[in-house]
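The figures here come from the full heavy-atom set of this structure, side chains too, leaving out hydrogens, waters and symmetry mates. Everything numeric here is computed off the predicted structure, so don't read it as measured data.
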2 protein chains.
Amino acid sequence: MGKPNDLVQGTLDLLILRTLANQPKHGWAIAKRIQQISKEVLQVQQGSLYPALHRLEQQGWITAKWAESETGRQAKFYRLTSHGRKQLERETANWKRLSGAINLVVSEA
Amino acid sequence: MGKPNDLVQGTLDLLILRTLANQPKHGWAIAKRIQQISKEVLQVQQGSLYPALHRLEQQGWITAKWAESETGRQAKFYRLTSHGRKQLERETANWKRLSGAINLVVSEA
DNA sequence: CAGGATACCTTGACTATCTACACATCATTG
DNA sequence: CAATGATGTGTAGATAGTCAAGGTATCCTG
């Protein structure tokens with residue numbers, strides 16, 4: 001596999017959903033935005049991104065529509081559904097729960 | 001596989017190393033301690049624990065020795081090596097880097 | 001003597017991610 | 001005008017970490 005250097009496994013869905021929460025974006029823009037906001041720490045590979053998007057679409061958490069991008073090219077825009085919004089809440093809560101627990105252990109007395 | 005409900009994938013090594021940093025422990029005690037410190041949030045399954053311990057041993061980050069446990073039974077005690085201590089530092093730093101980056105995205109304006 | 005806790009471990013399956021490709025369009029540059 | 005790099009979509013194969021479920025054995029308690 002090549003263990004994830006640039007990603008914490010299991011958090012990609014959360015990152016994508018969160019990135020789409022503000023406004024619909026195409027895949028390329030999603031990856032760029034995650035990278036930018038995380039200050040270049042998180043790098044989403046295409047081989048991770050597109051399977052993830054298809055997965056999320058199949059779950060009904062996002063929908064896709066072809067449209068014109070900012071640069072005037074055809075691109076697939078993904079939008080969060082209401083189900084997706086709930087899933088985002090669940091995943092956010094779960095992340096806080098787990099990362100908090102790990103931090104407890106890491107900073108253990 | 002069943003995606004990890006009780007663990008964030010890739011953090012088990014960190015958790016184990018950190019738990020061993022204070023004092024040597026046997027496998028069972030490691031799992032119990034992680035569970036206890038994380039307030040029952042993190043559950044380390046045995047099918048995850050023992051392969052991880054063998055992995056860490058092979059990497060030279062921990063060493064194993066048979067000894068008598070608190071309950072008077074034979075148990076394999078794992079101890080952190082100096083290499084393991086360095087690895088713990090690396091993994092701790094990496095965890096902070098990545099979890100911090102994720103938190104940036106999650107709390108994105 | 002049955003049952004539960006302690007303690008070790010393995011096997012098989014699954015899934016997320018990675019690396020590496022393949023394809024296409026557009027803008028810039030030599 | 002050809003090459004290059006950025007944008008944009010996607011797939012194929014490999015790998016590793018985790019889980020579920022099992023096995024073995026000892027000790028203590030009722």
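- Following rounding to the nearest Å, A:Leu12 (CG) and D:dG17 (P) show an atom-to-atom distance of 19 Å.
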Side-chain donor-acceptor distances from residues 41-49 of chain A under 3.5 Å, at least two apart:
residue: A:Gln43; atom: OE1; partner: A:Gln35; partner atom: NE2; Å: 3.4
residue: A:Gln43; atom: NE2; partner: A:Glu40; partner atom: O; Å: 2.8
residue: A:Gln45; atom: NE2; partner: A:Asp6; partner atom: OD2; Å: 3.2

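- Going from atom CZ of A:Arg55 over to atom C1' of C:dA16 covers 6 Å, rounded to whole Å.
- If you measure from atom CD of B:Gln35 to atom P of C:dA5, you get 13 Å, rounded to the nearest angstrom.
- Residues meeting the salt bridge (Lys or Arg N to Asp or Glu O under 4.0 Å) test with B:Arg97, sequence neighbours left out: none.
- A salt bridge (charged side-chain N to carboxylate O under 4.0 Å, His left out) check over residues 64-88 of chain B, counting only residues at least two apart or in different chains, returns nothing.
- The side chain of A:Ser48 contributes no N or O atom lying less than 4.0 Å from OP1 or OP2 of C:dA16.
- The list of ring pair (Phe, Tyr, Trp, His ring centres under 6.0 Å) pairs with a residue in residues 7-60 of chain B, not counting sequence neighbours, reads B:His26-B:Phe77.
- Atoms CD1 (B:Ile16) and C1' (D:dT18) sit 12 Å apart, rounded to a whole Å.
- Residues A:Ile34 and A:Ile16 approach most closely at CD1-N, 4.3 Å, considering heavy atoms.
- Contacts of A:Arg55 classified as salt bridge (Lys or Arg N to Asp or Glu O under 4.0 Å), with partners at least two apart in sequence or in another chain: A:Asp13.
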Could you pull out the protein-nucleic contacts involving nucleotides 6-10 of chain D (nitrogen or oxygen on both sides, under 3.5 Å)?
residue: D:dT7; atom: O2; partner: A:Arg73; partner atom: NH1; Å: 2.8
residue: D:dT7; atom: O2; partner: A:Arg73; partner atom: NH2; Å: 2.8
residue: D:dG8; atom: OP1; partner: A:Ser69; partner atom: OG; Å: 2.8
residue: D:dG8; atom: OP1; partner: A:Thr71; partner atom: OG1; Å: 3.0
residue: D:dT9; atom: OP1; partner: A:Gly27; partner atom: N; Å: 3.4
residue: D:dT9; atom: OP1; partner: A:Lys76; partner atom: N; Å: 3.2
residue: D:dT9; atom: OP1; partner: A:Lys76; partner atom: O; Å: 3.4
residue: D:dT9; atom: OP2; partner: A:Gly27; partner atom: N; Å: 3.4
residue: D:dT9; atom: OP2; partner: A:Trp28; partner atom: N; Å: 2.7
residue: D:dT9; atom: OP2; partner: A:Tyr50; partner atom: OH; Å: 2.7
residue: D:dT9; atom: O5'; partner: A:Tyr50; partner atom: OH; Å: 3.4
residue: D:dT9; atom: O4; partner: A:Gln46; partner atom: OE1; Å: 2.6
residue: D:dG10; atom: OP1; partner: A:Lys76; partner atom: NZ; Å: 2.6
residue: D:dG10; atom: OP2; partner: A:Tyr78; partner atom: OH; Å: 3.3
residue: D:dG10; atom: O6; partner: A:Gln46; partner atom: OE1; Å: 3.3

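- The interatomic distance linking A:Leu56 (CG) with C:dA16 (P) rounds to 10 Å, in whole Å.
- With rounding to whole Å, B:Leu98 atom CG is found 14 Å from C:dT17 atom C1'.
- When rounded to the nearest whole Å, the span between CD of B:Glu68 and P of C:dT6 equals 17 Å.
- Put simply, CG on A:Asp13 is 7 Å from P on C:dT17, counting in whole angstrom units.
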